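A short worksheet on the structure shown next.
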Number of protein chains: 2
Amino acid sequence: MKRTRFDDWPCPIARATDLIGDWWTPLVMRDLFFGRRRFDAIQESLRIPRAVLAARLERLVDEEMVVKVAYEDRPPRYEYRLTDKGRDFWPVLAAMWRWSADWLFDAAGPPVVLKNRETGRVVNPIVVDEDTGAPVDLRTIRVGRPPH
Amino acid sequence: MKRTRFDDWPCPIARATDLIGDWWTPLVMRDLFFGRRRFDAIQESLRIPRAVLAARLERLVDEEMVVKVAYEDRPPRYEYRLTDKGRDFWPVLAAMWRWSADWLFDAAGPPVVLKNRETGRVVNPIVVDEDTGAPVDLRTIRVGRPPH
DNA sequence: GCGAGTAGGTTCGCTTATTGAACGAACCCA
DNA sequence: TGGGTTCGTTCAATAAGCGAACCTACTCGC
């Protein structure tokens, strides 16, 4: 039996899960965000099986999260770069980072943190409503039909 | 070969991916957030294989995202309820929701939206720095060691 | 008392995915 | 000629996912 697909479900969470809901894709995206662009660099960083990395990158290219760019013709060499769609995924990883740092580490917290590139201050991501700035938590949210 | 585990990696994204990085767990969490608490309700909603749902729920209980509560003794009946750790995961799904709604649907957008429970207004989640309120995007963030 | 129904799973046989290691292809340099 | 680099593919074995059927422990209607 093939894996169940969610990529045509009406729920946004389902479609996103179809795309990044596996054990390697979020980490591949993380490496791309951190500036690793070459196959071997990602493979060594994650120690991911090469066949799996090739399959994940192919899927990300198909979905236009990433483009494969030749940076050298002879010998042919390629690198993988984030598209706008891919870059815009970063806040999702930032939200995951925050939750994980809060709940999956001991009291000392993780050995790495997010910092503002200019001020150097530690950044703690939270998720808020774009219009009101109010934190998005379950008690204040419901699901409904789009207006009109 | 066993699946590679990330749950002791120093990177928060890796640990979170180990826990929710599969094709069903985010959707199980979604159902719990939407108030489905019983095994059969989740199974029918997602049409997930029963064995897979049992394994996912067991993992979520082990990780203390969810507690299994008997709500009836004879006959024995159970339901699954989110813990604080589980409820705090909602912003991650909200960030996924926003990205997915922006990039994985046609111009009309998804047929469901998030709304403020009181005002009824549409909520568009964004990820910002808790202290400054500045949007968290890749250009302004770097990774560093925690202070001190 | 007996069969049907319900909730919450487990077991079964089969298909697909993941794994580490080895192998290729296409070029470079000495 | 022989190695090195980069970007993969192929391989056999193991693990995970799949739908369907089955199990347990009750309740209810007759």
Side-chain angles (χ1 to χ4, degrees), chain A residues 1-9 14 17-28 31-32 35-63 66-81, chain B residues 1-9 14 17-29 31-32 35-63 66-82:
Chain A
M1 300 295 152
K2 273 189 178 171
R3 201 199 100 201
T4 307
R5 304 312 298 257
F6 315 123
D7 53 354
D8 57 351
W9 286 24
T17 298
D18 188 82
L19 186 46
I20 54 94
D22 67 81
W23 292 289
W24 288 112
T25 300
L27 291 170
V28 172
D31 264 30
L32 292 166
R36 294 194 186 92
R37 300 206 265 225
R38 300 216 308 268
F39 189 94
D40 275 24
I42 299 171
Q43 196 274 319
E44 277 171 44
S45 154
L46 301 177
R47 289 183 312 207
I48 176 177
R50 305 179 74 82
V52 175
L53 177 56
R56 293 295 189 275
L57 285 170
E58 189 180 13
R59 176 89 201 273
L60 289 172
V61 169
D62 284 350
E63 298 286 347
V66 162
V67 281
K68 183 176 181 175
V69 179
Y71 66 89
E72 197 182 270
D73 278 345
R74 299 216 313 274
R77 294 283 181 270
Y78 304 96
E79 61 180 24
Y80 295 89
R81 290 189 199 160
Chain B
M1 300 291 154
K2 272 189 177 171
R3 203 198 98 200
T4 307
R5 304 311 298 259
F6 316 124
D7 52 356
D8 55 352
W9 286 25
T17 298
D18 187 83
L19 186 46
I20 56 93
D22 67 81
W23 292 290
W24 289 112
T25 300
L27 291 170
V28 172
M29 291 298 292
D31 263 30
L32 291 167
R36 291 191 188 94
R37 300 206 266 225
R38 300 217 307 268
F39 189 94
D40 277 24
I42 299 172
Q43 196 274 320
E44 277 170 45
S45 154
L46 301 177
R47 289 183 314 205
I48 177 177
R50 304 177 73 84
V52 176
L53 177 56
R56 293 297 188 273
L57 286 171
E58 190 180 12
R59 176 89 201 273
L60 289 172
V61 168
D62 284 350
E63 298 286 346
V66 162
V67 281
K68 183 176 181 176
V69 179
Y71 66 87
E72 195 182 271
D73 279 344
R74 300 215 316 272
R77 294 285 182 269
Y78 304 95
E79 63 180 21
Y80 295 89
R81 289 189 200 161
L82 293 165

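Quantities reported herein were computed from a predicted structural model and do not represent experimental measurements.
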Quick one: B:Trp24 CH2 to D:dG17 P, roughly how many Å, whole number?
-> 11 Å

Go through D:dC18, D:dA16, D:dG8 for me and flag the one nearest to the A:Lys68 side chain.
-> D:dG8

Would you mind reading off the distance between A:Arg36 atom CZ and D:dT6 atom P, rounded to a whole angstrom?
-> 15 Å

Contact class for A:Val52 vs. all strands (heavy atom < 4.0 Å): base, sugar-phosphate, or nothing?
-> base

Residues in side-chain contact (heavy atoms from CB on, under 4.5 Å) with B:Pro75, at least two apart?
-> B:Glu72, B:Arg77

Using the test salt bridge (Lys or Arg N to Asp or Glu O under 4.0 Å), find all partners of A:Asp18 that sit at least two apart in sequence or belong to another chain.
-> A:Arg3, A:Arg5, A:Arg59

Taking every heavy atom of B:Thr17 against every heavy atom of A:Trp23, the minimum-distance pair comes out as CG2-O, 3.6 Å

Report the residues that fulfil ring-ring contact (aromatic ring centres under 6.0 Å, His included) with A:Tyr80, sequence neighbours left out, ordered by chain and then residue number.
-> none

Output yes when at least one side-chain N/O atom of A:Thr4 is less than 4.0 Å from OP1 or OP2 of D:dC18, else no.
-> yes

Ignoring backbone atoms, establish whether A:Tyr80 has a side-chain N or O less than 4.0 Å from OP1 or OP2 of D:dG8.
-> yes

Has the side chain of B:Arg3 got a donor or acceptor atom sitting under 3.5 Å from an opposite partner on the base of C:dT19?
-> no

Whole-Å distance separating the CD atom of B:Glu79 from the P atom of C:dG8 = 9 Å

Provide a list of protein-nucleic acid N or O atom pairs under 3.5 angstrom, restricted to nucleotides 20-24 of chain D.
none

Any residue meeting side-chain contact (heavy atoms from CB on, under 4.5 Å) with A:Arg81, in chain and number order, not counting sequence neighbours | A:Arg37, A:Val67, A:Val69, A:Glu79

Counting side-chain heavy atoms from C-beta on, which of C:dG9, D:dT6, D:dG8 comes nearest to A:Arg77?
-> D:dT6

Residues in ring-ring contact (aromatic ring centres under 6.0 Å, His included) contact with B:Trp24, at least two apart in sequence or another chain | A:Phe6

A:Arg56 has a side chain; which of D:dT5, D:dA15, C:dT18 sits nearest to it?
-> C:dT18

Nearest-nucleotide wise, let me know which of A:Leu57 and A:Trp23 is further upstream toward the 5' end of DNA chain D.
-> A:Leu57

Sorted by number, residues from residues 38-49 of chain A placing a heavy atom under 4.0 Å from DNA chain D are A:Arg38, A:Phe39, A:Asp40

Could you go over nucleotides 27-30 of chain D and give all protein N or O partners under 3.5 Å, atom names and distances?
none

Who are the side chain to side chain donor-acceptor pair (under 3.5 Å) partners of A:Ser45, not counting sequence neighbours?
-> A:Asp31, A:Arg36

Which residue pairs pass the salt bridge (charged side-chain N to carboxylate O under 4.0 Å, His left out) test with at least one member in residues 41-54 of chain A, sequence neighbours excluded?
-> A:Asp40-A:Arg50

